[in-house]
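One structure is given below, encoded as structure tokens.
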There are 2 protein chains.
Amino acid sequence: MPVSIQDVADRANVSISTVSRVLNRRNIVNAKTRQRVESAIRELGYSPNVFARGLMLRRSHILSLMLPDLHGEFYSEIIRGANARARELGYQLMISSVISKDDDGSELMTALGSHGLVDGLAIMISEVDDRTRDSLEKIQIPLVVLDGDIDGVEHDSVVIDQRKGAVALLRHLVNDCQVTRVVFVGGLVTNIDTMERLSAYREVMAEAKLPVGPDHVFHLDYQYDTAYELGEARVDQWAKQRVGVFAANDEMAAGLIDAAIAAGYSLPEDLAVVGFDDTRIAAMTRPRLTTVSVPMSNMGATAIDLLVQRLDDPEREPAKVTLESSLVVRESCGVK
Amino acid sequence: MPVSIQDVADRANVSISTVSRVLNRRNIVNAKTRQRVESAIRELGYSPNVFARGLMLRRSHILSLMLPDLHGEFYSEIIRGANARARELGYQLMISSVISKDDDGSELMTALGSHGLVDGLAIMISEVDDRTRDSLEKIQIPLVVLDGDIDGVEHDSVVIDQRKGAVALLRHLVNDCQVTRVVFVGGLVTNIDTMERLSAYREVMAEAKLPVGPDHVFHLDYQYDTAYELGEARVDQWAKQRVGVFAANDEMAAGLIDAAIAAGYSLPEDLAVVGFDDTRIAAMTRPRLTTVSVPMSNMGATAIDLLVQRLDDPEREPAKVTLESSLVVRESCGVK
DNA sequence: GCCGAGATTGGCAGCGCTTTCAGGTGATTA
DNA sequence: TAATCACCTGAAAGCGCTGCCAATCTCGGC
């Protein structure tokens, strides 16, 4: 059985109140007494019981990070950033993935370790539905939403200014890469990121007076394979006109590149392809991908910052931190 | 303030004992009473306070997963597997990365959320030092070691039979790929995986009566860049003899491939390169990498299984689960 | 030598929950 | 009719810790 505060008190010949005071760094304890207590703690290897403490303080120093998925570099980088920052600030990180669609919201609660376990929740939701909204609304702890927004629920947020990066990328494609037109390959229409990037696409197309026909916009699923298939079907047509292909993530861009090369085309001569996210893959394709770098781990870290800030000052106005994304030019679009 | 067991008891006109009994699925409660309690619970949206419960039961249903690093697909896959399984079994997962070298072990304790927070620990340590050993020895909770072993500390373990995969890979290289010799590019000599793979290398070389000279074994750092540099320096020599290069991970293999291609060689004609891990990268290099597939997410899931099994039966004999790795043949070594 | 302020310390009441232990029902049996 | 028993339920004792309140001690000042 683990050593309790009573054991320490006995050994130091004080009451448990005094031990508790020493523990909580109150300097209202006489220096000599404190030393006695401290060495008792050390000798016994005592560390306070988290449950008992949490029961009183209603604080666990655990933060929860919920992501739509745990697959891929994007999420793993968020976790990495969040974990490091949480550690720095003296918190633990609890990870969970996705609230499955067909859930009554109780899963979210369960994931939070029933009521009271975690001090705050950082959540990223790719597709918001009412049920999740409702559960989130009920939660009585600080909430930070990553890369999105949830109506009617008070929360802080970290967003990435994808638009700026996307616009820079598209302008680069349009102005510097001699393409006759640009096609967009995104995720589903329900996906927030996709729509954001699509809107940037439309904007720059309008700006450059380039056409946006029905066969210029494709909605896939962010996977390499489906992009590869699309590439197989379309690349002849695209290469003929030297189009620029704007894929909404690097995975799909890689799929498209590989399909083009498999079909005998050479890039960037016949086709310009650009991606998004600047994941490890972007530097691995041949030609290497021109893409937009998104500060993923920074986003994780910032989310934790916001959570802890609100924990320290619950009355603060809701904050929204915007992180910049930036153009990374490599060879896949034919410049440099 | 959140609703407590007392509120439920009041509403259902019973004592808290009865509510507690209903909660703990004891069927010793009269059906009618139970229903009354259950609807009170539902109406109030009650869920038990984890701390109070943990204080009594000494169980938190939280498991901790500690990894040497959170960077890269390898670890993110472990997390993914562990998370999914933990969820299935009704546990939460707490993630932390690395115990830094210059730490007195207290960091490990802190990471465990002081004493008592987590029910079990799954840990992966790339380089075991005494201090970590000592802290681990003190921990009074079930311990599962991933892909390694810690002397003198009782624990279950999940290991990957890298040797089998490595041997298969090397035999393939030696027997089917017409290489005149094989060089090994690994991580540091302190790295367990590297040494494991190196030993497989020596075995197969001996078997095939191929030389293993001092300029056949290189110790790098598992990074793309350093491998690329090594490639730049050595590729002329290697290509002349058509050597097979066995890189201890896919990243380095990719670096070597790119260096060779940048130097004007074509693969697999001039050089055969194989990797290890079968990460996303392996399918992205051109030529695509022949490598060894390692069941990463399965390793995470198995670790959780072992933890929970031991939690359920503390007296069980220490278990060691071995997961198989398997050869994945692609184009980088010249067959198929 | 005595008094009150300030510095320390101990006592004790919970925090919300589980878990004996004892008591209160009917129903069954002698 | 009284005794026995199986079934349920409530009362109360903590689990280990914090925080309020009161008790004690130490001095400086009169």
Side-chain angles (χ1 to χ4, degrees), chain A residues 1-38 40-41 44-62 109 112-119 140-141, chain B residues 1-38 40-41 44-62 109 112-119 140-141:
Chain A
M1 59 268 87
V3 7
S4 82
I5 197 173
Q6 184 65 60
D7 301 326
V8 177
D10 291 350
R11 178 161 193 129
N13 268 314
V14 293
S15 74
I16 60 167
S17 317
T18 302
V19 178
S20 174
R21 276 186 280 261
V22 171
L23 246 25
N24 297 306
R25 301 272 162 259
R26 301 259 187 113
N27 21 12
I28 49 172
V29 176
N30 181 291
K32 219 167 234 161
T33 319
R34 182 169 56 216
Q35 278 170 25
R36 206 141 34 91
V37 172
E38 278 165 350
I41 290 179
L44 263 36
Y46 167 75
S47 81
N49 180 304
V50 217
F51 296 115
R53 196 172 231 180
L55 192 52
M56 284 302 299
L57 303 182
R58 279 139 200 307
R59 279 292 190 92
S60 63
H61 278 242
I62 299 177
M109 301 305 283
L112 288 175
S114 331
H115 105 230
L117 212 204
V118 306
D119 290 347
Q140 295 296 327
I141 54 174
Chain B
M1 61 263 90
V3 7
S4 82
I5 197 173
Q6 184 67 60
D7 301 324
V8 177
D10 291 349
R11 179 163 193 124
N13 268 313
V14 294
S15 74
I16 59 168
S17 321
T18 303
V19 178
S20 173
R21 277 187 278 258
V22 171
L23 247 24
N24 298 306
R25 302 268 162 261
R26 301 259 186 115
N27 23 11
I28 50 172
V29 176
N30 181 291
K32 224 169 230 161
T33 319
R34 183 170 55 213
Q35 278 170 25
R36 209 143 30 90
V37 173
E38 278 167 350
I41 291 179
L44 264 36
Y46 166 76
S47 80
N49 180 302
V50 215
F51 295 114
R53 195 171 232 182
L55 191 53
M56 284 301 301
L57 303 181
R58 284 147 194 302
R59 277 292 189 92
S60 63
H61 278 243
I62 299 177
M109 300 305 281
L112 288 177
S114 329
H115 106 228
L117 212 205
V118 306
D119 290 347
Q140 295 296 327
I141 54 173

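Hydrogens, waters and symmetry mates are skipped; everything else that's a heavy atom, side chains included, is used. Within every chain, numbering begins at 1; the chains are lettered A, B, ... in the order of the sequence lines, protein sequences first and strands thereafter.
Contact detail for D119(A) and R58(A): the closest heavy-atom pair is OD1-O, 4.3 Å.
Which of dC17(D), dT9(D), dG10(D) sits closest to the side chain of V14(B) comes down to dG10(D). Relative to the side chain of R21(A), the nucleotides dT9(C), dG16(D), dT18(C) differ in distance, and dT9(C) lies closest. Distance from the side chain of L57(B) is smallest to dT19(C) among dC17(C), dT19(C), dG16(D). Nearest nucleotide to the M56(A) side chain, out of dT19(C), dG19(D), dC17(C): dG19(D).
Summary of the strand contacts: R36(B) and A52(B) both lie near DNA chain D, and taking for each the nucleotide with the nearest heavy atom, the more 5' one is attributed to R36(B). Both N13(B) and L55(B) lie close to DNA chain D; mapped to their nearest nucleotides by heavy-atom distance, the more 5′-ward contact belongs to N13(B).
Between the CD1 atom of I5(A) and the P atom of dG16(D) there is a distance of 11 Å, given to the nearest Å. For the pair H61(B) NE2 and dT18(C) P, the interatomic distance rounds to 12 Å; values are reported in whole Å. Atom CD of Q6(B) is separated from atom P of dG10(D) by 11 Å (rounded to the nearest Å). For F51(B) and dC17(C), the CZ to C1' distance is 13 Å, given to the nearest whole Å. Rounded to whole Å, the distance from CZ on R34(B) to C1' on dC7(D) is 14 Å. Atom-to-atom, NZ of K32(A) to P of dT26(D) comes out at 12 Å; the value is rounded to the nearest Å. Straight-line distance from the CD1 atom of I16(A) to the P atom of dC15(D): 11 Å, rounded to whole Å. Computed from coordinates, the R53(B) CZ to dG16(D) C1' distance equals 18 Å when rounded to whole Å.
Remark: T33(A) is in phosphate contact with dT9(C), judged by side-chain N or O atoms under 4.0 Å from OP1 or OP2. The phosphate of dG16(C) (OP1 or OP2) has a side-chain N or O of R58(A) nearer than 4.0 angstrom. For dA7(C), the OP1/OP2 oxygens have no side-chain nitrogen or oxygen of N30(A) closer than 4.0 Å. Taking side-chain N and O atoms only, T18(A) has no distance below 4.0 Å to OP1 or OP2 of dT8(C).
V8(B) places none of its side-chain heavy atoms less than 4.5 Å from the side chain of V22(B). Between I41(A) and L23(A) there is a side-chain heavy-atom pair separated by less than 4.5 Å. Residues R53(B) and N24(B) meet the side-chain proximity criterion, which asks for heavy atoms closer than 4.5 Å. At a threshold of 4.5 Å between non-hydrogen side-chain atoms, the residues V14(B) and V37(B) count as touching.
No contact: V19(A) has no heavy atom under 4.0 Å from any strand. Residue contacts for S17(B): at a heavy-atom cut-off of 4.0 Å it reaches a base atom on one of the strands shown.
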